[in-house]
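All remarks here apply to the structure that follows.
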Amino acid sequence: MTREQLAQKAAVFIGEAYYELDKTEAEAKRRIEAVTEQIERTGSYEHTYEELKHGAKMAWRNNNRCIGRLFWQTLEVFDARDVEDELQAAERIFAHMAFATNKGKVRPAITILPARSSKNSMRLWNHQLVRYAGYSTMDTVVGDSSSLAFTAACEKLGWKGEGTRFDLLPLVIQKGDDQPKWFTLPANAVLEVPLSHPTCNEFEQLGLQWYGVPFVADMELEIGGICYAAAPFNGWYMGTEIGARNLSDTDRYNELPNVAKLFGFDTSTNTSLWKDRALVELNIAVLHSYKKHGVSIVDHHTAAEQFLRFEKQEQEKGRLVTGRWSWLIPPMSPATTGIWHRSYKDIERTPIYRSQPVPY
Ligand code: ARG
(Lines give C-alpha, C1' and ligand atoms only; values in the text may rest on other atoms or scores of the structure.)
Protein backbone atom coordinates (compact mmCIF):
# COMPACT_ATOMS: atom_id res chain seq x y z
CA MET A 1 0.00 0.00 0.00
CA THR A 2 1.43 3.41 -0.97
CA ARG A 3 1.35 6.35 1.42
CA GLU A 4 -1.32 7.98 -0.72
CA GLN A 5 -3.51 4.86 -0.52
CA LEU A 6 -3.04 4.62 3.25
CA ALA A 7 -3.90 8.30 3.72
CA GLN A 8 -6.97 7.82 1.55
CA LYS A 9 -8.16 4.79 3.58
CA ALA A 10 -7.47 6.58 6.85
CA ALA A 11 -9.50 9.61 5.75
CA VAL A 12 -12.49 7.51 4.72
CA PHE A 13 -12.44 5.62 8.04
CA ILE A 14 -12.10 8.74 10.17
CA GLY A 15 -14.87 10.46 8.24
CA GLU A 16 -17.27 7.56 8.86
CA ALA A 17 -16.25 6.81 12.42
CA TYR A 18 -16.33 10.44 13.57
CA TYR A 19 -19.77 10.89 11.99
CA GLU A 20 -21.08 7.81 13.83
CA LEU A 21 -19.48 9.02 17.06
CA ASP A 22 -21.31 12.35 16.74
CA LYS A 23 -18.15 14.38 16.40
CA THR A 24 -18.15 17.66 14.45
CA GLU A 25 -16.92 17.91 10.87
CA ALA A 26 -14.24 20.29 12.10
CA GLU A 27 -12.91 17.62 14.47
CA ALA A 28 -12.83 15.02 11.71
CA LYS A 29 -11.07 17.44 9.39
CA ARG A 30 -8.44 18.29 12.02
CA ARG A 31 -7.81 14.63 12.71
CA ILE A 32 -7.52 13.74 9.02
CA GLU A 33 -4.95 16.50 8.61
CA ALA A 34 -2.92 15.23 11.55
CA VAL A 35 -3.06 11.64 10.29
CA THR A 36 -2.08 12.66 6.75
CA GLU A 37 0.86 14.57 8.15
CA GLN A 38 1.94 11.57 10.26
CA ILE A 39 1.75 9.27 7.23
CA GLU A 40 3.83 11.64 5.09
CA ARG A 41 6.44 11.90 7.84
CA THR A 42 6.61 8.27 9.07
CA GLY A 43 4.83 6.11 6.51
CA SER A 44 2.09 5.12 8.95
CA TYR A 45 -0.18 6.46 11.70
CA GLU A 46 -1.56 5.41 15.06
CA HIS A 47 -5.20 5.08 16.00
CA THR A 48 -6.49 6.79 19.11
CA TYR A 49 -8.14 4.35 21.54
CA GLU A 50 -11.53 5.70 20.49
CA GLU A 51 -10.80 5.00 16.82
CA LEU A 52 -9.51 1.53 17.59
CA LYS A 53 -12.56 0.75 19.68
CA HIS A 54 -15.09 1.98 17.17
CA GLY A 55 -13.19 0.47 14.23
CA ALA A 56 -13.25 -2.99 15.82
CA LYS A 57 -17.00 -2.65 16.39
CA MET A 58 -17.59 -1.54 12.80
CA ALA A 59 -15.62 -4.56 11.59
CA TRP A 60 -17.96 -6.84 13.57
CA ARG A 61 -20.97 -4.99 12.14
CA ASN A 62 -19.53 -5.49 8.64
CA ASN A 63 -18.87 -9.22 9.02
CA ASN A 64 -20.96 -10.84 6.32
CA ARG A 65 -20.72 -14.30 7.85
CA CYS A 66 -21.84 -13.42 11.39
CA ILE A 67 -25.43 -13.99 12.52
CA GLY A 68 -24.73 -12.39 15.94
CA ARG A 69 -24.16 -8.83 14.77
CA LEU A 70 -27.07 -7.31 16.74
CA PHE A 71 -24.64 -7.02 19.65
CA TRP A 72 -21.83 -5.22 17.79
CA GLN A 73 -21.95 -2.21 20.07
CA THR A 74 -21.31 -4.26 23.22
CA LEU A 75 -17.81 -5.36 22.15
CA GLU A 76 -15.16 -4.80 24.84
CA VAL A 77 -11.95 -3.61 23.19
CA PHE A 78 -8.61 -4.28 24.91
CA ASP A 79 -5.76 -2.19 23.57
CA ALA A 80 -2.58 -4.29 23.67
CA ARG A 81 -0.59 -2.32 21.11
CA ASP A 82 2.01 -1.65 23.79
CA VAL A 83 3.16 -5.27 24.28
CA GLU A 84 6.81 -5.84 23.42
CA ASP A 85 7.25 -9.60 23.56
CA GLU A 86 5.43 -12.93 23.38
CA LEU A 87 5.08 -13.36 27.15
CA GLN A 88 3.45 -9.95 27.56
CA ALA A 89 1.15 -10.79 24.66
CA ALA A 90 0.19 -14.11 26.29
CA GLU A 91 -0.60 -12.40 29.59
CA ARG A 92 -2.90 -9.89 27.91
CA ILE A 93 -4.62 -12.65 25.93
CA PHE A 94 -5.16 -14.75 29.07
CA ALA A 95 -6.64 -11.72 30.84
CA HIS A 96 -9.01 -11.27 27.88
CA MET A 97 -10.01 -14.93 28.10
CA ALA A 98 -10.82 -14.71 31.80
CA PHE A 99 -12.78 -11.48 31.26
CA ALA A 100 -14.75 -12.94 28.34
CA THR A 101 -15.40 -16.28 30.06
CA ASN A 102 -16.65 -14.48 33.18
CA LYS A 103 -17.53 -17.79 34.88
CA GLY A 104 -19.96 -18.57 32.07
CA LYS A 105 -21.69 -15.22 31.57
CA VAL A 106 -19.83 -14.67 28.30
CA ARG A 107 -18.85 -11.12 27.29
CA PRO A 108 -17.82 -10.33 23.67
CA ALA A 109 -14.30 -8.90 23.59
CA ILE A 110 -11.24 -8.35 21.42
CA THR A 111 -7.56 -7.83 22.21
CA ILE A 112 -5.64 -5.80 19.66
CA LEU A 113 -1.90 -6.49 19.51
CA PRO A 114 0.74 -4.37 17.70
CA ALA A 115 -0.05 -3.71 14.03
CA ARG A 116 1.65 -5.61 11.23
CA SER A 117 3.71 -2.51 10.35
CA SER A 118 5.00 -1.90 13.90
CA LYS A 119 8.33 -3.17 15.26
CA ASN A 120 6.62 -5.52 17.73
CA SER A 121 4.19 -7.09 15.28
CA MET A 122 2.77 -10.45 16.39
CA ARG A 123 0.94 -13.31 14.77
CA LEU A 124 -1.04 -16.02 16.57
CA TRP A 125 -0.69 -19.46 15.04
CA ASN A 126 -3.90 -20.78 16.61
CA HIS A 127 -7.16 -20.86 14.69
CA GLN A 128 -8.99 -20.36 18.00
CA LEU A 129 -7.45 -19.64 21.40
CA VAL A 130 -9.20 -22.72 22.80
CA ARG A 131 -9.21 -25.71 20.50
CA TYR A 132 -8.77 -29.47 20.75
CA ALA A 133 -5.78 -31.26 19.27
CA GLY A 134 -6.09 -33.77 16.45
CA TYR A 135 -3.74 -36.72 15.95
CA SER A 136 -3.75 -39.06 13.00
CA THR A 137 -2.78 -42.64 13.57
CA MET A 138 -2.81 -45.01 10.58
CA ASP A 139 -6.24 -44.39 9.05
CA THR A 140 -8.08 -42.89 12.04
CA VAL A 141 -8.00 -39.50 13.73
CA VAL A 142 -8.10 -39.00 17.49
CA GLY A 143 -9.51 -35.62 18.49
CA ASP A 144 -10.37 -32.76 16.17
CA SER A 145 -9.32 -33.40 12.57
CA SER A 146 -9.48 -29.68 11.83
CA SER A 147 -6.48 -29.28 14.18
CA LEU A 148 -4.20 -31.88 12.55
CA ALA A 149 -1.73 -29.48 10.91
CA PHE A 150 -1.62 -27.07 13.86
CA THR A 151 -1.18 -29.95 16.34
CA ALA A 152 1.78 -31.21 14.31
CA ALA A 153 3.23 -27.68 14.29
CA CYS A 154 2.90 -27.50 18.10
CA GLU A 155 4.65 -30.86 18.48
CA LYS A 156 7.48 -29.58 16.30
CA LEU A 157 7.85 -26.66 18.71
CA GLY A 158 8.22 -29.11 21.59
CA TRP A 159 4.65 -29.32 22.89
CA LYS A 160 3.20 -32.73 23.68
CA GLY A 161 -0.43 -33.63 24.32
CA GLU A 162 -1.86 -36.52 26.30
CA GLY A 163 -3.50 -38.03 23.27
CA THR A 164 -7.16 -37.84 24.35
CA ARG A 165 -10.01 -36.72 22.09
CA PHE A 166 -10.12 -33.39 23.92
CA ASP A 167 -6.53 -32.22 24.56
CA LEU A 168 -6.31 -28.45 24.88
CA LEU A 169 -3.79 -27.00 22.45
CA PRO A 170 -1.32 -24.36 23.67
CA LEU A 171 -1.31 -20.69 22.68
CA VAL A 172 1.36 -20.12 20.02
CA ILE A 173 2.66 -16.59 19.44
CA GLN A 174 5.19 -15.46 16.88
CA LYS A 175 6.89 -12.09 17.06
CA GLY A 176 8.08 -10.84 13.67
CA ASP A 177 10.00 -13.69 12.03
CA ASP A 178 11.25 -15.13 15.33
CA GLN A 179 10.78 -18.74 16.35
CA PRO A 180 7.25 -18.91 17.84
CA LYS A 181 6.76 -19.45 21.59
CA TRP A 182 4.05 -21.65 23.09
CA PHE A 183 2.17 -21.25 26.37
CA THR A 184 -0.13 -23.68 28.21
CA LEU A 185 -3.58 -22.14 28.75
CA PRO A 186 -4.15 -21.31 32.44
CA ALA A 187 -7.18 -22.94 34.09
CA ASN A 188 -9.03 -19.66 34.66
CA ALA A 189 -8.94 -18.91 30.93
CA VAL A 190 -10.80 -22.04 29.83
CA LEU A 191 -14.26 -23.29 30.65
CA GLU A 192 -15.42 -26.67 29.39
CA VAL A 193 -18.89 -28.18 29.33
CA PRO A 194 -19.55 -31.93 29.61
CA LEU A 195 -22.57 -32.89 27.53
CA SER A 196 -25.70 -34.45 28.99
CA HIS A 197 -29.26 -34.76 27.70
CA PRO A 198 -32.41 -33.53 29.52
CA THR A 199 -34.26 -36.86 29.23
CA CYS A 200 -31.76 -39.50 28.10
CA ASN A 201 -29.56 -40.32 31.10
CA GLU A 202 -27.27 -42.59 29.08
CA PHE A 203 -26.19 -39.65 26.91
CA GLU A 204 -23.30 -38.88 29.27
CA GLN A 205 -21.78 -42.25 28.39
CA LEU A 206 -20.82 -40.81 24.99
CA GLY A 207 -18.18 -38.85 26.91
CA LEU A 208 -18.72 -35.69 24.87
CA GLN A 209 -17.77 -32.17 25.84
CA TRP A 210 -16.93 -28.85 24.24
CA TYR A 211 -15.27 -25.63 25.36
CA GLY A 212 -17.40 -22.73 26.50
CA VAL A 213 -16.18 -19.77 24.45
CA PRO A 214 -15.16 -19.47 20.78
CA PHE A 215 -12.17 -17.09 20.46
CA VAL A 216 -11.21 -16.62 16.80
CA ALA A 217 -7.46 -15.98 16.71
CA ASP A 218 -6.33 -16.15 13.09
CA MET A 219 -8.16 -13.29 11.41
CA GLU A 220 -6.63 -9.96 10.54
CA LEU A 221 -8.41 -6.76 11.49
CA GLU A 222 -8.05 -3.85 9.08
CA ILE A 223 -9.09 -0.40 10.26
CA GLY A 224 -8.47 2.66 8.10
CA GLY A 225 -5.66 0.95 6.20
CA ILE A 226 -3.84 -0.30 9.33
CA CYS A 227 -3.65 -4.11 9.58
CA TYR A 228 -3.70 -5.82 12.96
CA ALA A 229 -2.54 -9.38 12.23
CA ALA A 230 -3.17 -10.49 15.83
CA ALA A 231 -6.56 -9.41 17.13
CA PRO A 232 -8.27 -12.39 18.81
CA PHE A 233 -11.98 -11.86 19.46
CA ASN A 234 -14.86 -13.78 20.95
CA GLY A 235 -18.61 -13.90 21.11
CA TRP A 236 -20.70 -16.69 22.61
CA TYR A 237 -21.63 -19.90 20.83
CA MET A 238 -24.73 -20.63 18.78
CA GLY A 239 -25.66 -24.24 19.63
CA THR A 240 -25.56 -25.55 16.06
CA GLU A 241 -21.90 -24.60 15.64
CA ILE A 242 -21.12 -27.35 18.12
CA GLY A 243 -24.04 -29.76 17.70
CA ALA A 244 -24.60 -29.55 13.95
CA ARG A 245 -20.98 -29.08 12.83
CA ASN A 246 -18.08 -29.65 15.26
CA LEU A 247 -19.45 -32.83 16.80
CA SER A 248 -21.46 -34.10 13.84
CA ASP A 249 -19.58 -33.37 10.58
CA THR A 250 -18.29 -36.70 9.27
CA ASP A 251 -14.79 -35.23 8.95
CA ARG A 252 -14.87 -33.77 12.48
CA TYR A 253 -16.10 -35.73 15.55
CA ASN A 254 -18.68 -37.68 13.48
CA GLU A 255 -20.94 -38.47 16.46
CA LEU A 256 -24.30 -38.85 14.69
CA PRO A 257 -24.01 -42.66 14.31
CA ASN A 258 -23.20 -42.99 18.04
CA VAL A 259 -26.09 -40.75 19.05
CA ALA A 260 -28.47 -42.66 16.75
CA LYS A 261 -27.38 -45.98 18.26
CA LEU A 262 -27.92 -44.64 21.78
CA PHE A 263 -31.46 -43.56 20.94
CA GLY A 264 -32.20 -46.74 19.00
CA PHE A 265 -32.85 -45.07 15.64
CA ASP A 266 -32.80 -47.35 12.58
CA THR A 267 -29.48 -46.59 10.87
CA SER A 268 -29.99 -49.19 8.15
CA THR A 269 -31.98 -46.84 5.92
CA ASN A 270 -31.88 -43.15 5.07
CA THR A 271 -35.67 -43.02 5.15
CA SER A 272 -35.77 -43.42 8.93
CA LEU A 273 -34.20 -39.93 8.98
CA TRP A 274 -31.87 -41.20 11.71
CA LYS A 275 -29.29 -38.50 10.93
CA ASP A 276 -31.90 -35.78 11.31
CA ARG A 277 -33.26 -37.27 14.53
CA ALA A 278 -29.76 -37.72 15.96
CA LEU A 279 -28.93 -34.13 15.03
CA VAL A 280 -31.93 -32.87 16.96
CA GLU A 281 -31.06 -34.89 20.08
CA LEU A 282 -27.39 -33.87 19.96
CA ASN A 283 -28.32 -30.20 19.60
CA ILE A 284 -30.82 -30.46 22.45
CA ALA A 285 -28.00 -31.89 24.58
CA VAL A 286 -25.66 -29.01 23.67
CA LEU A 287 -28.18 -26.29 24.56
CA HIS A 288 -29.25 -28.15 27.71
CA SER A 289 -25.68 -28.70 28.94
CA TYR A 290 -24.49 -25.12 28.42
CA LYS A 291 -27.60 -23.87 30.21
CA LYS A 292 -27.13 -26.36 33.04
CA HIS A 293 -23.52 -25.23 33.54
CA GLY A 294 -24.43 -21.54 33.35
CA VAL A 295 -22.53 -20.91 30.11
CA SER A 296 -24.01 -18.44 27.60
CA ILE A 297 -25.26 -19.97 24.37
CA VAL A 298 -27.96 -19.05 21.85
CA ASP A 299 -30.18 -21.39 19.84
CA HIS A 300 -30.39 -20.82 16.09
CA HIS A 301 -34.03 -19.68 16.11
CA THR A 302 -33.34 -16.92 18.62
CA ALA A 303 -30.12 -15.94 16.85
CA ALA A 304 -31.97 -15.65 13.53
CA GLU A 305 -34.63 -13.45 15.16
CA GLN A 306 -31.87 -11.28 16.60
CA PHE A 307 -30.32 -10.98 13.15
CA LEU A 308 -33.60 -9.73 11.67
CA ARG A 309 -33.72 -7.13 14.47
CA PHE A 310 -30.18 -6.12 13.54
CA GLU A 311 -31.27 -5.67 9.92
CA LYS A 312 -34.13 -3.44 11.02
CA GLN A 313 -31.87 -1.43 13.30
CA GLU A 314 -29.35 -0.88 10.52
CA GLN A 315 -32.04 0.11 8.07
CA GLU A 316 -33.23 2.75 10.54
CA LYS A 317 -29.68 4.12 10.66
CA GLY A 318 -29.64 4.28 6.85
CA ARG A 319 -26.94 1.62 6.56
CA LEU A 320 -26.97 -1.33 4.18
CA VAL A 321 -26.73 -4.81 5.74
CA THR A 322 -24.47 -7.04 3.68
CA GLY A 323 -24.17 -10.77 4.28
CA ARG A 324 -23.16 -14.15 2.97
CA TRP A 325 -26.41 -16.08 2.93
CA SER A 326 -24.75 -19.51 2.97
CA TRP A 327 -23.04 -18.63 6.25
CA LEU A 328 -25.92 -16.78 7.86
CA ILE A 329 -28.44 -19.62 7.59
CA PRO A 330 -28.00 -22.14 10.41
CA PRO A 331 -26.87 -25.67 9.47
CA MET A 332 -30.04 -27.16 10.95
CA SER A 333 -33.65 -26.50 9.90
CA PRO A 334 -32.54 -23.37 8.04
CA ALA A 335 -35.86 -22.82 6.29
CA THR A 336 -37.60 -22.39 9.67
CA THR A 337 -35.70 -19.11 10.14
CA GLY A 338 -36.48 -15.79 8.49
CA ILE A 339 -32.96 -15.50 7.07
CA TRP A 340 -33.64 -18.39 4.69
CA HIS A 341 -36.32 -16.38 2.93
CA ARG A 342 -34.25 -13.26 2.43
CA SER A 343 -31.24 -12.40 0.29
CA TYR A 344 -28.10 -10.41 0.99
CA LYS A 345 -25.38 -8.69 -0.99
CA ASP A 346 -22.03 -10.26 -0.17
CA ILE A 347 -19.98 -7.07 -0.52
CA GLU A 348 -16.83 -6.41 1.51
CA ARG A 349 -16.65 -3.21 3.50
CA THR A 350 -13.96 -1.92 5.82
CA PRO A 351 -13.18 -1.97 8.72
CA ILE A 352 -13.05 -5.72 8.22
CA TYR A 353 -12.01 -9.03 9.77
CA ARG A 354 -10.44 -11.14 7.04
CA SER A 355 -8.64 -14.44 6.86
CA GLN A 356 -4.89 -14.48 6.29
CA PRO A 357 -2.42 -17.15 5.11
CA VAL A 358 -1.62 -19.93 7.60
CA PRO A 359 1.87 -19.27 9.03
CA TYR A 360 2.97 -22.91 9.49
N1 ARG B 1 -17.81 -21.94 14.22
C2 ARG B 1 -16.68 -21.85 15.10
C3 ARG B 1 -16.69 -23.04 16.05
O4 ARG B 1 -17.58 -23.82 16.03
C5 ARG B 1 -16.68 -20.56 15.90
C6 ARG B 1 -16.78 -19.27 15.11
C7 ARG B 1 -17.22 -18.07 15.93
N8 ARG B 1 -18.49 -18.30 16.56
C9 ARG B 1 -19.12 -17.44 17.36
N10 ARG B 1 -20.26 -17.81 17.90
N11 ARG B 1 -18.65 -16.23 17.61
O12 ARG B 1 -15.81 -23.21 16.87
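Atoms within each ligand, like the ligands themselves, are counted from 1 in listed order.
Minimum heavy-atom separation, E281 to H197: OE1-NE2, 2.7 Å.
Neither the backbone nor the side chain of W60 comes within contact range of ligand 1; no heavy atom lies under 4.0 Å.
Salt-bridge check for R319 with E20: passed, with a basic side-chain N closer than 4.0 Å to an acidic carboxylate O.
Aromatic ring pairs are classed by plane angle as parallel below 30°, tilted from 30° to 60° and perpendicular above 60°; the pair W325 and W340 is tilted. Aromatic ring pairs are classed by plane angle as parallel below 30°, tilted from 30° to 60° and perpendicular above 60°; the pair W125 and Y360 is tilted.
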side-chain contact (heavy atoms from CB on, under 4.5 Å) assessment of Y228 paired with L52:
CA-CA 10 Å; Y228 298 97; L52 192 71; 3.5 Å; yes
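Residue contact check: R131 has heavy atoms under 4.0 Å from atoms 12 (O) of ligand 1. Interface of Y211 with ligand 1, defined as ligand atoms under 4.0 Å from a residue heavy atom, comprises 12 (O). Shown in contact with W236 at under 4.0 Å from a heavy atom are these atoms of ligand 1, numbered in order with element: 9 (C), 10 (N), 11 (N). Interface atoms of ligand 1 facing Q128, defined by a heavy-atom separation under 4.0 Å, are 2 (C), 3 (C), 5 (C), 12 (O). Heavy-atom proximity to N246, at under 4.0 Å, picks out these atoms of ligand 1: 3 (C), 4 (O), 12 (O). Here is the list of ligand 1 atoms found below 4.0 Å of a heavy atom in Y237: 3 (C), 4 (O), 10 (N), 12 (O).
The closest approach between any non-hydrogen atom of R245 and ligand 1 is not below 4.0 Å.
Nearest to atom 7 (C) of ligand 1 among the protein's heavy atoms is E241 OE1, 3.6 Å.
Cation-pi geometry between R277 and F263 is not satisfied (NZ or CZ under 6.0 Å from the ring centre, within 45° of the ring normal).
Residue-to-ligand polar distances keep W210 apart from ligand 1: every N/O pair is separated by 3.5 Å or more.
Between atom CD of residue Q356 and atom CG of residue L124 there is a gap of 9.0 Å, rounded to the nearest 0.5 Å.
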